[in-house]
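Report on the structure given below.
This chain uses plain numbering: 1 for the first residue, then up along the sequence. Whatever order the structure lists ligands and atoms in, that order sets their numbers, starting from 1.
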Amino acid sequence: MKNSAIVVVDELYDFIDGSLACQGADDCVKNSAALLEKAAVPVLFICDHHPANHSSFAEQGGPWPPHCVQGTRGGEIAEPLRPFVEDSLCFYKGTDPAKEQYSGFEGVNEAGQTLDEVLQLLDIKEVTVIGIATEYCVRNTAEDLLKAGYKVTVKEDCLAWVDAAGHREAIAAMKAEGIRFA
Ligand SMILES: [Zn+2]
């Protein structure tokens with residue numbers, strides 16, 4: 001579809017089978033690969049990409065175990081999605097040790113461009129958001145896209161979550177804000 005794109009959030013091994021393995025992650029990856037296979041639109045990947053001393057890690061006083069450390073398997077995009085990866089359309093967040101970043105809007109690609117800048121260059125108006133975790137990076141990314149004026153749809157069978165109740169609450173909140181679900 002013209003003017004459409006898919007944003008894949010954090011479908012990285014630490015969120016799938018690693019230190020922060022999320023519920024539903026296997027189905028999320030399988031359904032995401034099937035979706036990307038059929039979709040003839042640009043696919044943009046958001047990647048949590050932390051230095052080893054990141055402030056969100058428990059040993060620095062943060063809420064999470066170490067995850068998605070740069071150069072480790074935990075930070076790699078799930079194998080079934082790799083055929084759809086273009087380096088210039090990968091956006092890395094959480095690279096500054098001092099900053100927590102849940103939203104893909106805060107990441108940049110290898111050329112230093114933000115997600116918003118690249119979506120504008122591609123003339124994208126409608127974005128489908130999929131990925132991990134519903135309550136954190138998916139929600140924050142979808143909300144920032146909506147605020148920036150994009151029409152946003154979240155594919156419910158392409159999500160995984162930290163906590164089932166939190167997942168349901170986040171979906172209800174996103175629906176109330178005007179994010180569509182499919
Ligand atoms: Zn992180």
Could you list all the salt bridge (charged side-chain N to carboxylate O under 4.0 Å, His left out) pairs where at least one residue sits in residues 166-182, not counting sequence neighbours?
R139-E177

Please, which pairs that meet salt bridge (charged side-chain N to carboxylate O under 4.0 Å, His left out) have at least one residue in residues 5-26, sequence neighbours excluded?
D10-K93, D17-R73

Kindly work out whether a path of hydrophobic side-chain contacts (I/L/V/M/F/W/Y, heavy atoms less than 4.5 Å apart) joins L115 to V152.
yes

Same apolar cluster: Y102 and V138, side chain cutoff 4.5 Å:
no

Any residue meeting side chain to side chain contact (heavy atoms under 4.5 Å, CB included) with K99, in chain and number order, not counting sequence neighbours
D96, Q101

Let's go through S88 and N109 carefully: what are the C-alpha distance in whole Å and the side-chain angles of both, what is the deciding distance for side chain to side chain donor-acceptor pair (under 3.5 Å) to 0.1 Å, and is it a yes or a no?
CA-CA 6 Å; S88 64; N109 68 4; 5.7 Å; no

Excluding water, the protein N, O or S atoms sitting under 2.8 Å from the Zn ion (ligand 1) are D48 OD2, H50 NE2, H67 NE2

